Amino acid sequence: MSGLGKIFGKGKKAKAPTPQEAIQKLRETEEVLVKKQEFLEQKIQQELVSAKKHGTKNKRAALQALKRKKRYEQQLAQIDGTLSTIEFQREALENATTNTEVLKTMSDAARAMKEAHQHMDIDKVDDLMAEITEQQDIAQQISDAISKPVGFGDDVDEDELLAELEEMEQEDLDKELLNVGEPTPELPSVPASRLPTVPASKVPATPALEDDDDEDMKQLAAWVS
């Protein structure tokens with residue numbers, strides 16, 4: 001192989017780097033160019049200061065400083081263009097890598113879904129859902145049957161009971177109306193004068209219950225007459 005072939009890499013083809021390796025290499029190149037950018041900006045400022053320092057006193061030195069400043073500015077412009085190209089390439093490579101990963105993930109998900117559905121039969125799924133619905137209906141019927149009251153009173157007509165209750169209330173109302181129409185019997189008036197007192201000597205010490213009643217009747221008869 002000739003020397004030129006070795007220089008330009010026309011010999012054995014090298015293995016292509018992975019997208020991650022290429023992205024990392026581009027980032028490293030960007031860092032180097034940014035540092036060179038900062039260096040050139042400092043040099044431009046230094047030459048500008050030198051040109052102002054010499055001014056018209058030493059025109060030759062001032063012109064040389066301005067020439068170097070111009071050369072640095074040209075290099076800085078070239079680096080700016082190179083950085084823009086590298087950034088665009090890196091971003092494009094990152095997007096391509098992201099798209100590749102997304103497509104790979106989607107492809108894996110599609111295969112997994114296909115594998116999951118491989119052992120499923122839509123007819124069996126429909127039968128299973130119908131069976132589940134049927135069992136739910138049965139469970140609801142059982143719950144309704146259990147919660148229904150059982151025992152005395154199931155065959156009683158509530159309307160008949162209400163009618164009987166209204167009839168009883170009407171009877172009570174009729175009785176009250178009849179009682180309002182009847183005259184109220186007059187009670188005997190209480191005498192205004194005091195009853196005559198009986199001497200204590202005439203009252204037996206321990207009279208029987210019948211004797212007390214007779215004595216009271218005698219006193220009442222004496223008072224009335």
Side-chain angles (χ1 to χ4, degrees), residues 1-140:
M1 182 181 297
S2 64
L4 292 177
K6 293 180 179 180
I7 293 174
F8 291 101
K10 293 184 179 180
K12 187 177 180 181
K13 188 175 181 180
K15 182 180 179 181
T18 63
Q20 289 76 13
E21 292 174 349
I23 292 172
Q24 182 62 29
K25 189 65 177 178
L26 288 172
R27 286 176 178 171
E28 293 174 357
T29 304
E30 284 183 72
E31 292 177 359
V32 173
L33 292 176
V34 169
K35 290 180 180 180
K36 190 172 182 180
Q37 222 177 20
E38 295 174 353
F39 172 76
L40 290 173
E41 289 175 351
Q42 292 177 358
K43 296 296 292 182
I44 290 172
Q45 291 298 324
Q46 290 176 3
E47 297 300 335
L48 182 60
V49 171
S50 177
K52 290 180 179 180
K53 179 180 178 181
H54 293 292
T56 56
K57 297 179 181 180
N58 191 349
K59 291 184 178 180
R60 184 179 182 85
L63 290 175
Q64 291 296 327
L66 291 176
K67 287 181 180 179
R68 288 192 296 270
K69 172 181 170 294
K70 190 67 174 179
R71 187 168 62 251
Y72 293 150
E73 289 176 345
Q74 290 177 352
Q75 294 179 14
L76 185 61
Q78 292 175 352
I79 291 176
D80 289 339
T82 303
L83 274 174
S84 298
T85 303
I86 291 177
E87 288 176 359
F88 175 79
Q89 189 176 13
R90 176 179 54 78
E91 292 174 357
L93 188 56
E94 288 174 346
N95 291 334
T97 303
T98 301
N99 293 335
T100 301
E101 292 296 329
V102 170
L103 290 175
K104 182 177 181 299
T105 302
M106 294 175 64
S107 178
D108 293 340
R111 287 197 300 270
M113 185 177 294
K114 183 178 180 180
E115 180 66 21
H117 292 163
Q118 184 176 1
H119 304 289
M120 292 185 183
D121 187 354
I122 187 62
D123 295 332
K124 293 182 179 179
V125 173
D126 291 338
D127 294 340
L128 177 60
M129 295 306 298
E131 184 177 354
I132 292 175
T133 302
E134 181 181 358
Q135 293 302 321
Q136 288 177 345
D137 293 340
I138 294 174
Q140 184 63 39

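FYI, the numbering just counts along the sequence from 1. In what follows, every heavy atom counts, from backbone to side chain, and hydrogens, waters and symmetry copies are set aside. It should be emphasised that the depicted structure is a prediction, and the values quoted were computed from it without experimental measurement.
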(request) Kindly say whether Glu91 contributes a backbone atom to a donor-acceptor pair with the side chain of Asn95 at under 3.5 angstrom? (result) yes
(message) For His54 and Lys59: C-alpha separation, side-chain torsions, deciding distance, then whether side chain to side chain contact (heavy atoms under 4.5 Å, CB included) applies.
(response) CA-CA 7 Å; His54 293 292; Lys59 291 184 178 180; over 6 Å; no
(message) Among residues at least two apart in sequence or on other chains, which ones pass side chain to side chain contact (heavy atoms under 4.5 Å, CB included) with Leu63?
(response) none
(request) Compare all side-chain heavy atoms of Glu38 with those of Val34 and state whether any distance is below 4.5 angstrom. (result) yes
(request) May I ask you to decide if Thr18's main-chain N or O and Glu21's side chain share a donor-acceptor pair within less than 3.5 Å? (result) yes
(request) Could you tell me whether the side chain of Ser50 and the main chain of Gln46 form a donor-acceptor pair under 3.5 Å? (result) no
(message) If we ignore hydrogens and angles and just use 3.5 Å, is the side chain of Thr105 paired with the main-chain N or O of Glu101 as donor and acceptor?
(response) yes
(request) Rounded to the nearest 0.5 Å, what's the gap from CG on Asp126 to CD1 on Ile122? Could you check? (result) 4.5 Å
(request) To the nearest 0.5 Å, tell me how far Leu40 CG sits from Gln78 CD. (result) 10.0 Å
(message) As an exercise, state the distance from CG of Asp80 to CG of Leu33, rounded to the nearest 0.5 Å.
(response) 10.0 Å
(request) Could you list the residues that satisfy salt bridge (charged side-chain N to carboxylate O under 4.0 Å, His left out) with Lys57, not counting sequence neighbours? (result) none
(request) Drop me the distance from Lys52's NZ to Leu66's CG, to the nearest 0.5 angstrom. (result) 10.5 Å
Just distance, no hydrogens or angles: give the donor-acceptor pairs under 3.5 Å from side chains in residues 68-75, sequence neighbours left out.
from: Arg68; atom 1: NE; to: Glu47; atom 2: OE1; distance (Å): 3.0
from: Arg68; atom 1: NE; to: Glu47; atom 2: OE2; distance (Å): 3.1
from: Arg68; atom 1: NH2; to: Glu47; atom 2: OE1; distance (Å): 3.0
from: Lys69; atom 1: NZ; to: Glu73; atom 2: OE2; distance (Å): 2.6

(message) Rounded at 0.5 Å granularity, tell me how far CG in Leu93 sits from CD in Gln24.
(response) 12.0 Å
(message) So that I can tick it off, tell me whether Arg111 and Asp108 are bridged by a salt bridge, with the cut-off set at under 4.0 angstrom between side-chain N and carboxylate O.
(response) yes
(message) Can you tell whether the side chains of Glu94 and Arg90 come within less than 4.0 Å, N to carboxylate O?
(response) yes
(request) Taking atom CD of Glu87 as the centre, report whether more than 12 heavy atoms of other residues, nucleotides or ligands fall under 6.0 Å from it. (result) yes
(message) Can you tell me which residue among Leu76, Ile79, Leu83 is in a side chain to side chain contact (heavy atoms under 4.5 Å, CB included) with Lys36?
(response) Ile79
